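Computed from a predicted structure; not experimentally measured. Numbering of ligands and ligand atoms starts at 1, following listing order.
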Amino acid sequence: MADQPTAFLPVFEDPADTDTFRLRVERYGPDLLDGLRRVYGERATELHERVLGIMGAGFAARPHDLRLLDEARLLHPDWLQEPGMVGYVAYADRFAGTLAGVGERLDHLTRLGVTYLHLMPLLKPREGENDGGYAVADFRAVRPDLGTMDDLEALAGHLRERGISLVLDLVLNHVAAEHEWALRARAGDPRYRAYFHVFGDREQPDAFERTLPEVFPDFAPGNFTWVEELGGWVWTTFNSYQWDLDWSNPDVFCEFLDIILHLANRGVEVLRLDAIAFLWKRLGTDCQNQPEVHHLTRALRAAVRVVAPAVAFKAEAIVGPTDLATYLGTGVNHGKVSDMAYHNSLMVQLWSALASRDTRLTEVALSRIPAKPATTTWGTYVRCHDDIGWAIGDDDARRALLDGHAHRVFLSDFYAGHFPGSFARGLVFQHNPATNDRRISGACASLAGLEVALEAGRGDAVDLAIRRIMLLHTAIMGFGGVPLLYMGDELGLLNDRSFADDPDHARDNRWVHRPRMDWGLAAAATSEGDGGSDDVVTHAWAARRVFAGLRHVAEVRAATPHLHARTESRVLSSPDARLLILKRDHPLGAMVQVYNVSEDWVELSCGILRGHVGVVVDERLSGFEYSLAPPTLTVEPYGALWLTVR
Ligand code: GLC
């Protein structure tokens, strides 16, 4: 490899290790070096040497069982794309108290078919308010009330035995103002001051502010915070206690590579790259999605592929569709950055379609998402720990004959429960009076109508709410990618308003949808329970239906090879605005999915489907054979069909 200074390659005790490392560097080294060069220019050569040193140390420290996993994954590179993948997202404490407690609750996950467990931020945060753990004070320690690094490693091992991959957040845009780097910077150490963006006066901050949006306008306005000890303004995109890191400093790159390898060697298999869009700052822009972000990710990933090829990256980039594609890689970075990215647009569109009983905007928006690299996958989801921002492009809206602004206002009204006839009960998060932009907090079940229906004691409304919950989840399971079930949604847990009593949470109503697990309800919903009552207006009854329904869809999904993420879902034009029709062209034959986003019984012409899947088809969700010979079929309220060629 002419372009690679292989002279710096480490030599290990076991010659086989030296060979393995060298072979992997030959494979991934060019990406590493090119990524570094594009970001650091002339400094890249010296940096590359340092980076190889960090990689060598990480490789030498990699435990035997994880090396086996590396080999297995190299033989199974599409593991994240398999239809058997089911994700689950939970706060360790809210799910089971501690990391050890999580280990005792794995049967619950296994019952749901979970193969991927994202435990929300659990590295040691700052004291007091910490943005749900996203203000990390120490990347090498676990939050003391949850356990220790050894507990984390043990849990990772138990999960691995069950075929469940541990996923952790890697907060790489910022650290807590109490992180050691920040403390040293405050103490006047120039090395650490250079880890952050610090400005002595307002000139630069003001210049940047002209084009910077605000992430939390209500409780953290502006993007810079005056810090007396620094004698300057430090960049704080999120809260004032989260200091953005300066990734143009190679030391920051080295620190994070070392942290990543440390976590990987403890058994973390997927790293969720938190707020990755914000990593690089450029005057005159919104300082999101800058090309350097992708070159940095490519370099980090290449280094990790050498040391710990079992590890994958997931991008948390809540950005517009065209930008989103760049996180899975476009151009020189095609397929070389994150292995997975959240499909924010799908999530938004599903809620939008449910409110309007109209899929035309969904059709437009989904059909305009660029194809992803064949080796990558989506993380599909209905709800997560964050609010829902109505990321609907004005242009997409226009094409669907809607006014973008008016539709976003409608969605906020609808999900806040203000729109006449709305079934939803959510809370407004970050109201921007200038634009009337209102994001929405709320648990899936409350947004889907279960809270209102149970309160009213109406069985018919409970039934519709459950159907909506199932429709949303069936769609994310059918779309392709890793469906990410959000803790509690499998039981239809409702909004938890107790956050308002906790001073560390009261200002941030995203806590309304971060409830504690209700294990009593879980027991009632699963076979562990005594069967419970048959009363359709109890929460337990609803939970039982949702849990059994999700479990069933996950099972069907795992047995449907057409859902491998290599194949893309594409939208077919639907003759009825209440139906969303997706098609997957798989080598085994086509799969067509139909989703009814309304409470109506909707007739669909079989002729439209026949052209894609033929006359006799398997409907996978019901397990029945369908004949598409009759002129029409009827899709039940909020019904879904997964049709595959016989
Ligand atoms: C991500 C997290 C969000 C957090 C932010 C800052 O968007 O999902 O909860 O507030 O990053 O770390």
Check: Between the side chains of Ser441 and Asn509, does any donor sit under 3.5 Å from an acceptor?
Finding: yes
Margin query: For the aromatic rings, using the six-membered ring if either is Trp, is the centroid distance between Phe278 and Phe238 under 6.0 Å?
Written below: yes
Check: Do you see a donor-acceptor pair shorter than 3.5 Å between the side chains of Asn344 and Tyr381?
Finding: yes
Inventory of protein N or O atoms under 3.5 Å from ligand 1 N or O:
residue, atom, partner, partner atom, Å
ligand 1, 7 (O), Glu316, OE1, 3.2
ligand 1, 7 (O), Glu316, OE2, 2.8
ligand 1, 8 (O), Arg272, NH2, 2.9
ligand 1, 8 (O), His385, NE2, 2.8
ligand 1, 8 (O), Asp386, OD2, 2.4
ligand 1, 9 (O), His385, NE2, 2.9
ligand 1, 9 (O), Asp386, OD1, 2.7
ligand 1, 9 (O), Asp386, OD2, 3.4
ligand 1, 9 (O), Arg510, NH1, 3.3
ligand 1, 10 (O), Asp131, OD1, 3.1
ligand 1, 10 (O), Asp131, OD2, 2.7
ligand 1, 10 (O), Arg510, NH1, 3.3
ligand 1, 11 (O), Asp274, OD1, 2.9
ligand 1, 11 (O), Asp274, OD2, 3.2
ligand 1, 12 (O), His174, NE2, 3.0
ligand 1, 12 (O), Asp274, OD2, 2.8

Next item on the list: Indicate whether the side chain of Tyr91 and that of Arg514 have a donor and an acceptor atom separated by less than 3.5 Å.
Entry: yes
Note to self: Test: salt bridge (Lys or Arg N to Asp or Glu O under 4.0 Å). Region: residues 208-218. Which pairs qualify, not counting sequence neighbours?
What the structure shows: none
Item checked: Residue pair Ser352 / His407, side-chain donor-acceptor N/O under 3.5 Å -> yes
